[in-house]
Amino acid sequence: VQLQASGGGLVQAGGSLRLSCAASGRTFSRSDMAWFRQAPGKEREFVAARRWNNVRGYYADSVRGRFTISRDTANNTVHLAMNTLKPEDTAVYYCAAEPRGTLYSHNYRYWGQGTLVTVSS
């Protein structure tokens, strides 16, 4: 089972990026999935999540209104559309699947390798 994150890069403040997380090895159509991020020198933090049976997204206060999480169940993929990016959004972004506890905790069963997002001022 593997989660492959992609789509990171360098963008100017105010710009947009779209991250993707492709799952392989099994279907995650009935799994809750999430994005976390870790900035240099900081702990990994929750960004957004989406339950398998609900179209509602769950977001950290810092990204609500700017980021949107979506799922492409047919392609076993979850996306994170990031708009109005700020320098403080700079981090390595990780996708995760199947929380063992709450959506917001770090206790997920599967993790992707991370993709770097750098926002310049």
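Fair warning: this is a prediction, and the values are worked out from it, not measured in the lab. Quick note: residue numbers are just sequence positions, from 1.
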Measuring from atom [atom1] of [X] to atom [atom2] of [Y], what distance do you get when rounded to the nearest 0.5 angstrom?
X: N76; Y: S29; atom1: CG; atom2: OG; result: 7.0 Å
X: T68; Y: N83; atom1: OG1; atom2: CG; result: 6.5 Å
X: T102; Y: N107; atom1: OG1; atom2: CG; result: 9.0 Å
X: N54; Y: R71; atom1: CG; atom2: CZ; result: 11.0 Å

Row check, [Y] ring normal vs [X] NZ/CZ: under 6.0 Å, within 45°:
X: R50; Y: W35; value: no
X: R44; Y: Y94; value: yes
X: R30; Y: F28; value: no

Legend entry - From CA spacing to verdict: side chain to side chain donor-acceptor pair (under 3.5 Å), R26, S31: CA-CA 11 Å; R26 50 158 281 195; S31 300; 3.2 Å; yes

Check [X] against [Y] and note the closest heavy-atom contact, atom names and distance.
X: A91; Y: L116; value: O-CD1, 3.6 Å
X: T84; Y: R66; value: O-NH1, 2.9 Å
X: L19; Y: G8; value: CD2-N, 3.6 Å
X: Q113; Y: L3; value: OE1-O, 3.5 Å
X: V47; Y: L80; value: CG1-CD2, 4.1 Å
X: S120; Y: L10; value: CB-CD1, 4.3 Å

Inset, instruction - May I ask you to decide whether R51 forms a salt bridge with E98, counting only side-chain N to carboxylate O separations under 4.0 Å? - result: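 Salt bridge between R51 and E98, a charged N being under 4.0 Å from a carboxylate O: no.
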
Determine whether [X] and [Y] fall in the same hydrophobic cluster, where Ile, Leu, Val, Met, Phe, Trp and Tyr are linked whenever their side-chain heavy atoms lie under 4.5 Å apart.
X: V78; Y: M82; result: yes
X: L85; Y: I69; result: yes
X: V63; Y: V11; result: yes

Inset, instruction - Take R37 and D89 through the side chain to side chain contact (heavy atoms under 4.5 Å, CB included) test and state the conclusion after the steps. - result: CA-CA 9 Å; R37 67 186 182 186; D89 294 318; 2.9 Å; yes

Inset, instruction - Would you check if there is a donor-acceptor pair between the side chains of S70 and H79 at a distance under 3.5 Å? - result: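 No, no side-chain donor-acceptor contact under 3.5 Å.
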
Legend entry - T115 side chain reached by V92 side chain, heavy atoms, under 4.5 Å: no

Inset, instruction - For the residue pair F67 and Y93, categorise the inter-ring angle as parallel (less than 30°), tilted (30 to 60°) or perpendicular (more than 60°). - result: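 Tilted, since the angle between the ring planes falls between 30° and 60°.
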
Inset, instruction - Without swapping roles, check the side chain of Y110 against the backbone of M33 for a donor-acceptor pair under 3.5 Å. - result: no

Inset, instruction - Using modelled atom types only, decide if a donor and an acceptor are shared between the side chain of S62 and the backbone of A60 within a distance under 3.5 Å. - result: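 The answer is no, because no donor-acceptor pair under 3.5 Å joins these two groups.
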
Legend entry - Worked verdict on E45 versus Q38 for side chain to side chain contact (heavy atoms under 4.5 Å, CB included): CA-CA 6 Å; E45 64 175 2; Q38 187 166 17; over 6 Å; no

Legend entry - Output field: ring centroids F46/Y59 closer than 6.0 Å: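 No, ring centres 6.0 Å or more apart.
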
Inset, instruction - Verify salt bridge (Lys or Arg N to Asp or Glu O under 4.0 Å) between R64 and D61, making sure each step is shown before the conclusion. - result: CA-CA 5 Å; R64 187 175 291 111; D61 290 343; 2.6 Å; yes

